[in-house]
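Below is one structure, written out as structure tokens; the observations come after it.
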Amino acid sequence: MKKAELCALFERLGLHPSRKLGQNFLVDVNLLEAMVHSAAPLPGERILEIGPGAGTMTEKLLESGCELTAVEIDHRLVSWLRERFAGRSNFTLLEGDACKLDYQQIFGAEPYRCIANLPYSCGSVFLANISEQPNPPQEMFILLQKEMGDRLIAEPDTKDYGVLTVRLRCRYQIKMLRSISPKVFFPEPEVVSAFLQLTLKTNLPETRIVQLASKLAGCAFSQRRKKASKLLQSLYPASAIAEAFGELGISPEARAEHLSPEQYLALAGILLEEESIL
């Protein structure tokens, strides 16, 4: 949908894009087609779209024949989407906050992927929540702020590396596919965006190890200027932390940003093994 068409629709709906809801609508048709082409939805495949907005990407996804579930929080857009896609048997629209939905209830154990222009207001919370679901998406193609994209692909010992980096990269291989100019959105955001691909790892450790690694990272990054070994003593005895750090060759002086996602996973595995022995 081009900018003029979008403005006409907003006038009809009495809608003004909400900064609070992070509403920046994609108006570049070529970019939209390139994004959907990269994601390559298949007929009958379960796809999740977050923030369908005016339904521009939704239309392209439905044309692929996929079984699309879309989540929209703005009730005015929900009404429009129901009108626009009435009668489409492969379309399910849920009204609500994408950060609070129970995706296990929606998809069960069935595999699904997420393809979305994520609203700026919910990107980090949504990604953290959905990645920790019992059945997370097999793959995600997402458009979000480049600043957040930089955080997701950051390496240890860099300023962008943080707890969200660890939590996502314990589960996903992450690749930034391209940077996106503000000019392809209406209204234009004040930041550059990025298109990312997140692919669920096939050799994931058991769920309890991944969950503990996430918990350890959250604890260590809670005060990132302090030694991680000291902070983690709020979760495990000092002797257990010291022994695990020693086994992994991690300096007792190390701070949260010095540990890689793989080290957080290895640390979780050792601590859980010690728990089972006691």
>> Donor-acceptor check, side chain of Trp80 to backbone of Leu13, threshold 3.5 angstrom: yes or no?
In response: no

>> Apply side-chain contact (heavy atoms from CB on, under 4.5 Å) to residues Gln211 and Glu132 and explain how you reach the verdict.
In response: CA-CA 8 Å; Gln211 290 175 338; Glu132 296 185 354; over 6 Å; no

> For Gly51 and Pro119, which heavy atoms make the closest approach, and how far apart are they?
Replying inline: CA-CG, 4.2 Å

> Does the side chain of Phe126 reach to within under 4.5 Å of the side chain of Cys114, using non-hydrogen atoms?
Replying inline: yes

>> Run the side-chain contact (heavy atoms from CB on, under 4.5 Å) test on Phe195 and Met176 for me, step by step, so that the C-alpha distance in whole Å, both residues' side-chain angles and the decisive distance to 0.1 Å come before the verdict.
In response: CA-CA 6 Å; Phe195 187 44; Met176 188 178 292; over 6 Å; no

> If every non-hydrogen atom of Cys219 is compared with every non-hydrogen atom of Leu235, which pair is closest and at what distance?
Replying inline: CB-CD1, 3.8 Å

> Can you tell if the side chain of Leu196 reaches within under 4.5 Å of the side chain of Leu177, non-hydrogen atoms only?
Replying inline: no

> In terms of hydrophobic clusters joined by side-chain contacts under 4.5 Å, are Leu231 and Ile241 together?
Replying inline: no

> Would you say Gln105 has more than 12 foreign heavy atoms packed within less than 6.0 Å of its CD?
Replying inline: no

> For the atom pair CD1 (Ile174) and NZ (Lys201), what is the distance rounded to the nearest 0.5 Å?
Replying inline: 8.5 Å

Tabulate below the donor-acceptor pairs under 3.5 Å that side-chain atoms of residues 134-146 make, not counting sequence neighbours, or state none.
| from | atom 1 | to | atom 2 | distance (Å) |
| --- | --- | --- | --- | --- |
| Asn135 | ND2 | Gly108 | O | 2.8 |
| Asn135 | ND2 | Glu110 | O | 3.0 |
| Glu139 | OE1 | Arg113 | NH1 | 2.8 |
| Glu139 | OE2 | Gln197 | NE2 | 2.8 |
| Glu139 | OE2 | Thr199 | OG1 | 3.4 |
| Gln145 | NE2 | Tyr120 | O | 3.4 |
| Lys146 | NZ | Asp150 | OD1 | 3.1 |
| Lys146 | NZ | Asp150 | OD2 | 3.2 |

> CG/Leu267 to CD1/Ile250 distance, rounded to the nearest 0.5 angstrom?
Replying inline: 5.5 Å

> Is the side chain of Thr158 donor-acceptor paired with the backbone N or O of Ala154 at a distance under 3.5 Å, no angle test?
Replying inline: no

> What pairs meet the side-chain hydrogen bond (donor to acceptor under 3.5 Å, both in side chains) rule with one or both residues in residues 220-238, with sequence neighbours excluded?
Replying inline: Gln223-Lys226, Lys227-Glu253, Tyr236-Glu275

>> Enumerate the salt bridge (charged side-chain N to carboxylate O under 4.0 Å, His left out) contacts for residues 53-67, please, sequence neighbours excluded, ordered by first and then second residue.
In response: Glu33-Lys60, Glu59-Arg84, Glu59-Arg88

> Are Ile130 and Leu94 connected in the hydrophobic side-chain network, where two residues link if heavy atoms are under 4.5 Å apart?
Replying inline: yes

> Do the non-hydrogen side-chain atoms of Thr56 and Phe25 ever get within less than 4.5 Å of each other?
Replying inline: no

> Do the non-hydrogen side-chain atoms of Val184 and Leu26 ever get within less than 4.5 Å of each other?
Replying inline: yes

>> Tell me whether Asn129 contacts the main-chain N or O of Cys99 through its side chain, where contact means a donor paired with an acceptor under 3.5 Å.
In response: yes

>> When you compare the side chains of Thr69 and Glu49, does any donor N or O come within less than 3.5 Å of an acceptor on the partner?
In response: no

> What closest approach, in Å, do Leu271 and Ala244 show between heavy atoms, and which atom pair accounts for it?
Replying inline: CD2-CB, 4.3 Å

> What pairs with Arg171 under side-chain hydrogen bond (donor to acceptor under 3.5 Å, both in side chains), at least two apart in sequence or on another chain?
Replying inline: none

>> Testing the basics here: between Ile106 and Arg46, what is the closest heavy-atom pair and its distance to 0.1 Å?
In response: O-NH2, 3.8 Å

>> Working to the nearest 0.5 angstrom, can you tell me the gap between Arg178 CZ and Ser193 OG?
In response: 12.5 Å

> Is the backbone of Ile153 close enough, under 3.5 Å, to the side chain of Lys175 for a donor and an acceptor to pair up by distance?
Replying inline: no

> Does any pair with a residue in residues 90-108 pass salt bridge (charged side-chain N to carboxylate O under 4.0 Å, His left out), and if so which ones, sequence neighbours excluded?
Replying inline: none

> Which is it for Phe185 and Ile180 under the side-chain contact (heavy atoms from CB on, under 4.5 Å) test, yes or no, and what are the steps along the way?
Replying inline: CA-CA 9 Å; Phe185 296 96; Ile180 308 293; 3.9 Å; yes

> To the nearest 0.5 Å, what is the distance between OG1 (Thr207) and CD1 (Ile209)?
Replying inline: 9.5 Å

>> Using 0.5 Å steps for rounding, measure from the CD atom of Glu72 to the CD1 atom of Ile50.
In response: 9.5 Å

> Can Leu31 be reached from Val192 by stepping across I, L, V, M, F, W or Y side chains whose heavy atoms are under 4.5 Å apart?
Replying inline: no

>> Can you confirm whether more than 12 heavy atoms, excluding those of Glu147, are under 6.0 Å from its CD atom?
In response: no

>> Rounded to the nearest 0.5 Å, what separates atom CD1 in Ile115 from atom CE in Met57?
In response: 7.5 Å

> Quick one: are Phe85 and Leu93 in side-chain contact, heavy atoms under 4.5 Å?
Replying inline: no

>> If we ignore hydrogens and angles and just use 3.5 Å, is the side chain of Asn24 paired with the main-chain N or O of Phe186 as donor and acceptor?
In response: no

> Can you list the steps and then say if Glu83 with Arg12 is a salt bridge (charged side-chain N to carboxylate O under 4.0 Å, His left out)?
Replying inline: CA-CA 13 Å; Glu83 175 186 328; Arg12 172 189 160 189; 2.6 Å; yes

> Hey, is the main chain of Leu42 close enough, under 3.5 Å, to the side chain of Glu45 for a donor-acceptor pair?
Replying inline: yes

>> Hydrophobic clusters here meaning ILVMFWY residues chained together by side-chain heavy-atom distances under 4.5 Å, can you tell me if Leu164 and Val125 are in one?
In response: no

>> Please list all pairs meeting ring pair (Phe, Tyr, Trp, His ring centres under 6.0 Å) that have one or both residues in residues 97-119, counting only residues at least two apart or in different chains.
In response: Phe107-Tyr112

>> Restricting to non-hydrogen atoms, name the atom on Phe245 and the atom on Pro252 that form the minimum distance, rounded to 0.1 Å.
In response: CD2-CA, 4.3 Å

> Counting N and O atoms only, with roles assigned by atom type, does the side chain of Thr165 sit under 3.5 Å from a partner on the main chain of Tyr161, one being a donor and the other an acceptor?
Replying inline: no

>> Please give me the minimum heavy-atom distance between Leu9 and Ala54, naming the atom from each residue.
In response: CD2-CB, 3.9 Å

